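On a predicted model such as this, the values are computed, not experimentally measured, just so you know. Side chains are part of it too, since the values below use all heavy atoms of this structure and drop only hydrogens, waters and symmetry mates. In each ligand, atom 1 is the first atom listed, and ligand 1 is the first ligand listed.
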Amino acid sequence: MSVSNFKTLGLSKWLVESLTAMKITQPTEIQKHCIPKILEGRDCIGGAKTGSGKTLSFAGPMLTKWSEDPSGMFGVVLTPTRELAMQIAEQFTALGSQMNIRVALVVGGESIVQQAIELQKKPHFIIATPGRLAHHIMNSGDDTVGGLKRVKYLVLDEADFLLTDTFASDLGTCIGALPPKNKRQTLLFTATMTDQVKALQDAPNIEGKPSLYSYQVESIDQVAIPSTLQTEYLLVPEHVKEAYLYQLLTCQEYIESSAIIFVNRTTAAEVLRRTLFRLGLRVASLHSQMPQQERTNSLQRFRANAARILIATDVASRGLDIPIVELVINYDIPSDPDTYIHRSGRTARAGRSGDAISFVTERDISRIEAIEARINKKMTECDKVHDTAVIRKALTKVTKAKRESLMEMEKINFGERRKQRKNQNLSKKSSRA
Ligand SMILES: Nc1ncnc2c1ncn2[C@@H]1O[C@H](COP(=O)(O)OP(=O)(O)OP(=O)(O)O)[C@@H](O)[C@H]1O
């Protein structure tokens, strides 16, 4: 392919200038292929590794077309998590600021009334989680959501996840409020192709529309993770995991590194946050049981490096783009290998290097094997924490910090509060997104 810059790919001059100001001048593979096809009016399925610039692959052509005819409710971007929606809304706002772009963020945990007011102002782009947008569609009149009938683009970012049963009903409601397929463009992007996404590639052509364009970046070695990502494992006995974690976070190599630690449960995230805080580390957390304001604050602190470490559940595993992250720790191993790919992809983005270290206990062996098979790469053993004498020394203070954290959580009834909130959530469908 001879095209090599955003102008020749067809993006508007003003947008190319905005990108240049952000030092984004050389299109990535996925951008080179998808931008011209989307500009031609084709639906698109794009698959490319984490951190390879998928957002601009859809934002670029949409913003270009919008600036030629800047009407209200031009495009809808759906994404599975609130924080990812916030990030994409910020990117659209930043890119389109000189064109007076109006971007509405429609996510759970924020004021429904405020969002309805925003929607009534006919924003150009709506960046939403499916649950909350579906809520507005079902509960508001035409003055709020009627404009959706004129939307020209629908994007499903993290399409593989949005197409699972979790989102089926809300997604159906959202799509039902949009123009039919032949009157809009549909753009799907993902870092992990699933059978559900692949099945859409073979869908019959839609009458009166150019054919669907499907592109998956093939790497020569077929490895599903960025080549700049180093994948390691650390064998740890279950009962001393915290001590190993503390040692790793304070070892010479990582003492100043910005790191995300992934756990499988919210309680584990809370225990770790409190324990590491007691041990003097600058730490924040992000999980679904935190009020939205706290979630947003935590992420802001982490982005600004006011917190060096973010302890998160999988609400943070997809899409978040935080360039300073050098290390991802899988403190718990995920059951789905694709989740490993998304988690680890929070580092080593846009060509930068990064490390992903997985804590492996005896019962995790089969999960690690499944991950290695999925990414088509063997992990190497991490040699940064090996001195058992040092671990033993750390163990005393780590155990004390953990015990105190657990007592503190018992005092504030953490588990109970969680259960109560869960029950409330079940009975309040509207707060799902
Ligand atoms: N052509 C480019 N040149 C340099 N940097 C780029 C380019 N395109 C995008 N970027 C930057 O690369 C980073 C990753 O991009 P983006 O968040 O779109 O990745 P992604 O492919 O959507 O990843 P994920 O699968 O994790 O969601 C962002 O900081 C973005 O600004």
Consider every N or O of [X] and every N or O of ligand 1, then say whether any pair is closer than 3.5 Å.
X	result
Asp321	yes
Arg349	yes
Gln26	yes

| Does NZ or CZ of Lys54 fall inside the cone over Phe189's six-membered ring, less than 6.0 Å from its centre and within 45° of the axis? |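 Geometry flag: not set, cation outside 6.0 Å or 45°.
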| said: Quick check on the 6.0 Å ring-centre criterion: do Phe161 and Phe167 meet it? | reply: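 Yes; Phe167 has its ring centre under 6.0 Å from that of Phe161.
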| query | Mind checking whether His124 and Phe74 have ring centres under 6.0 Å apart? | reply |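 Between His124 and Phe74, the centre distance exceeds or equals 6.0 Å.
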| Atom CD of Glu270 and atom OG1 of Thr275: how far apart are they, to the nearest 0.5 Å? |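 It is 9.5 Å, given to the nearest 0.5 Å.
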Which atoms of ligand 1 sit under 4.0 Å from any heavy atom of [X]?
X	answer
Ala191	25 (O)
Arg346	26 (O)
Glu158	27 (O)

Residues 324-331 side chain polar contacts: donor-acceptor under 3.5 Å, at least two apart:
unit_1	atom_1	unit_2	atom_2	d
Asn330	OD1	Arg343	NH1	3.0
Tyr331	OH	Glu242	N	3.4

| query | Does Arg303 pair with Asp321 as a salt bridge, N-O distance under 4.0 Å? | reply |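 Salt bridge flag = no for Asp321 with Arg303.
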| Taking non-hydrogen atoms only, is Lys49 closer than 4.0 angstrom to ligand 1 via side chain, backbone, both or neither? |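 The part of Lys49 near ligand 1 is the backbone, not the side chain.
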| message | Please work out, at 4.0 Å between heavy atoms, whether the side chain, the backbone, both, or neither of Phe6 comes within that distance of ligand 1. | response |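 Side chain only.
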| query | Is there a heavy atom in Pro323 that sits closer than 4.0 Å to ligand 1? | reply |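 For ligand 1, residue contact (heavy atoms, under 4.0 Å) with Pro323 is absent.
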| request: Assess Ser52 for proximity to ligand 1: is some non-hydrogen atom of it under 4.0 Å away? | output: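 Right, Ser52 reaches ligand 1.
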How close does the nearest protein non-hydrogen atom get to [atom], and which residue and atom is it?
atom	value
atom 11 (C) of ligand 1	Ala350 CB, 4.2 Å
atom 25 (O) of ligand 1	Lys54 NZ, 2.7 Å
atom 8 (N) of ligand 1	Gln31 NE2, 2.8 Å
atom 7 (C) of ligand 1	Ile24 CG2, 3.7 Å
atom 18 (O) of ligand 1	Thr55 OG1, 2.7 Å
atom 23 (O) of ligand 1	Gly51 N, 2.8 Å

| query | Are Asn5 and Thr8 linked by a side-chain donor-acceptor pair shorter than 3.5 Å? | reply |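 The criterion, which ignores hydrogens and geometry beyond distance, is satisfied for Thr8 and Asn5.
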| request: Would you indicate whether Glu362, at its atom CD, is surrounded by more than 12 heavy atoms from other residues, nucleotides or ligands within a distance under 6.0 Å? | output: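 Incorrect, the count does not exceed 12.
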| field | salt bridge (Lys or Arg N to Asp or Glu O under 4.0 Å) contacts touching residues 280-297 (sequence neighbours left out) | value |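 Only Glu83-Arg295 qualify under salt bridge (Lys or Arg N to Asp or Glu O under 4.0 Å).
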| task | Using atom types as modelled and distance alone, determine if a side-chain donor or acceptor of Asp364 lies under 3.5 Å from a backbone N or O of Ile333. | result |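 No, because the side chain of Asp364 does not come within donor-acceptor range (under 3.5 Å) of the backbone of Ile333.
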